[in-house]
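Take a look at the structure below.
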Amino acid sequence: MSSTIVDPTPSRRGAHAGDPLPGKLSGNGTSTGPGPSFLRVLNSEFIKFRTLLSTLILLGSTVIVMVGFGALSAWGTGQFSEAATRDPQAAARIAAQGGDFVVAVPTSGIAFAQLILGSLGVLLMSSEFTTGMARSTFAAVPRRIPAFAAKLVVVVLTSFLVTAASTLAAGFVSVPILDNYGLDLDLASSQSVKLLIVNSIYVAAVAAIGMALGTLIRNSAGGIMSLVGLFFVAPIAFQLIPGDFFVEARKYLPGNTVDPLTALDHVPDTLEAWQAGLVLGAWVVLPVLLAGFLLKKRDV
Amino acid sequence: MIEARGLTKVYGDKTAVAGVDFTVEAGRVTGFLGPNGAGKSTTMRMIMGLDRPTSGTVTVNGAPLARHTAPLRDVGALLDAKAVHTSRSAYNHLLAMAATHSIAKKRVHEVIEMTGLAEVAKKKVGGFSLGMGQRLGIAAALLGDPQTVILDEPVNGLDPEGVVWVRNLVKYLASEGRTVFLSSHLMSEMAVTADHLIVIGRGRIIADAPIQEIITGKGQVRTRVRTDQPDQLMHLLAGTGVSLELQDNELLEVSGLDPRQIARAALDSHVMIYELTPLKASLEEAYMELTKDEVEYHSLITTGAVPVEAGGN
């Protein structure tokens, strides 16, 4: 390392060897020029977001999964309703569901969208720490919270928009399939719009929880496992554990807040819609606040 | 200017930095020298506001970094060659960094040219060699055209040409009146780069002085003496502040006395000396001398070089 070889010939990479004048550098005292305002940090986070191939792949797979499940569900629903015309038992079951099963076809892939975009939320923050990028990020924005908030905005907005767009796409694909079976899906009906908006907000909320977990745990696998634990394992575990406490507690899991928010009538053993909204809000706000607080406090 | 006052960082039961005070002045290259694990990187992370000091303060131009209105335009740092998302291209990394301070795309291209990354700028950073990673880190540090530049082990992994380039770059930056703070565990690199040296060992400042002073002052004057009566000469020379080491049958190394004093003592007692060689301490030796008690991880080879207990008796 203590080489004293001075090679005056320019390297392959450019003629900069031994050049003491590395471009324009003014070097006058203190800083002049703009600092990290929120909009600038937001722009930076958006650049970071769109320049990762893995992000784009996850967004693309969300669309594919949503459209795919929508189409499958449309086909399955059609088959089922066709069978119902010959089978009075099936017809009775359809009647029992209140006839709103067709309207839910476009959002049938939502459980997977939530898993993918929730994981994206985890990854966007945990990868900052696993790759060391966080040191660059927080050296540029040493107050930290603006960078965290900007990333949260990017994560929440994209998750919302991608879920909404793919729900709509799934709807467009499902309409002609359902039409084949004589079923009518009106994408402009108030229930369709409500399902689209509530589910998109829900997935955005899951992504925000994911990002909070990624910030707290700082490890991709650990963050995603926690997310899966909260949304997929806990509901099943709570169902298996006997006792009134778990029956009650199960209602308050974030994954069980969607049904009450979208159902036409109150579903038994779930929260009221307004309660569910508050519970979901708390599931987002508390982890996000904790993550922000600890991010500010901990070493990077 | 960087000022640390009573700066301390404790991780669990391990004190990485133990209440250090130092000032890094503008307009010169200040070297931050210490063996691995001495606390150099921790100190630099605290300057950048990434690690929170357990106690004490560190400021850049009078304020902690978090209170600067445009941190990237005030302080640029290469802290770790891997402070980059491996799946992003070098260009996009710099673009995202620049966006936080509305730094023009033109400047991004400038630092890419300056650091010789033009050909690989669109490639993923994950495939970069250590040297290219260092160049990208330096590009990021210079992005905001900052008044203060902090470089943690910048020559690590660079080819000889890159080493010379960094050497010239930091001298140039200092000549423009910037504050340049540069860490290394390589004494030889510091000897040709730094104007001022802060030596750290086990989280404490061991020396903080102009590089010349460290070479001549701290490294004690030693003299090699050959005599056929070493025992008698050792007896004559012994005193406070004098250390004597019998290296061979008739070879003695004396420190704490100059050659004239040794010759005078020998002449007065009729002890014949047939070699009297002043040994000028190199910076490397001065460094070893300064840090020999402070090295966190003694390698076997290093301990072998100090065979006092092992070979002495």
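Just so it is clear: chains get the letters A, B, ... in the order the sequence lines come, proteins before strands, and each one is counted from 1.
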Could you please spell out the steps behind the side-chain contact (heavy atoms from CB on, under 4.5 Å) verdict for A/D299 and B/R45? CA-CA 9 Å; A/D299 292 344; B/R45 279 201 305 273; over 6 Å; no

Of the listed residues (A/L42, A/L52, A/I47), which shares the most heavy-atom pairs with chain B below a 4.5 Å separation?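 Counting heavy-atom pairs under 4.5 Å, the top option is A/L52.
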
For chain B, which of A/R50, A/E128, A/R144, A/E45 has the most heavy-atom pairs under 4.5 Å?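 Ranked by contacts with chain B, first place is A/R144.
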
Should we count [atom1] of [X] as having more than 12 external heavy atoms under 6.0 Å?
| X | atom1 | value |
| --- | --- | --- |
| B/K171 | NZ | yes |
| A/F293 | CZ | no |
| A/R298 | CZ | yes |
| A/F129 | CZ | yes |

For chain A, which candidate among B/L72, B/T148, B/D51 shows the most heavy-atom pairs at distances under 4.5 Å?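 Of the options given, most contacts go to B/D51.
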
Part of B/H93 lying under 4.5 Å from any heavy atom of chain A: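 For B/H93, the side chain is the part near chain A, not the backbone.
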
Side chain, backbone, both or neither: which part of B/Y91 has an atom under 4.5 Å from a heavy atom of chain A?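 Looking at B/Y91, nothing touches chain A.
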
Give me the atom names and distance for the closest heavy-atom approach of [X] to [Y].
| X | Y | result |
| --- | --- | --- |
| B/R52 | A/K296 | NH2-O, 2.7 Å |
| B/A96 | A/K48 | CB-CG, 3.5 Å |
| A/P36 | B/H101 | CD-NE2, 3.6 Å |
| B/K82 | A/R135 | O-NH2, 4.4 Å |
| B/P71 | A/A139 | CB-O, 4.0 Å |

Any non-hydrogen side-chain atom of A/P34 less than 4.5 Å from a side-chain atom of B/R73?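 With C-beta onward as the side chain, the pair touches.
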
Given a strict heavy-atom distance threshold of 4.5 Å, which part of A/S37 is in contact with chain B: side chain, backbone, both, or neither?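 A/S37 touches chain B through backbone heavy atoms alone.
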
Going by atom types alone, do A/T51 and B/R88 pair a side-chain donor with an acceptor below 3.5 Å?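 A donor-acceptor contact under 3.5 Å links the two side chains.
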
Separation between CE of B/M48 and OG of A/S136, rounded to the nearest 0.5 Å: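 Answer for the CE-OG pair, B/M48 versus A/S136, is 9.0 Å.
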
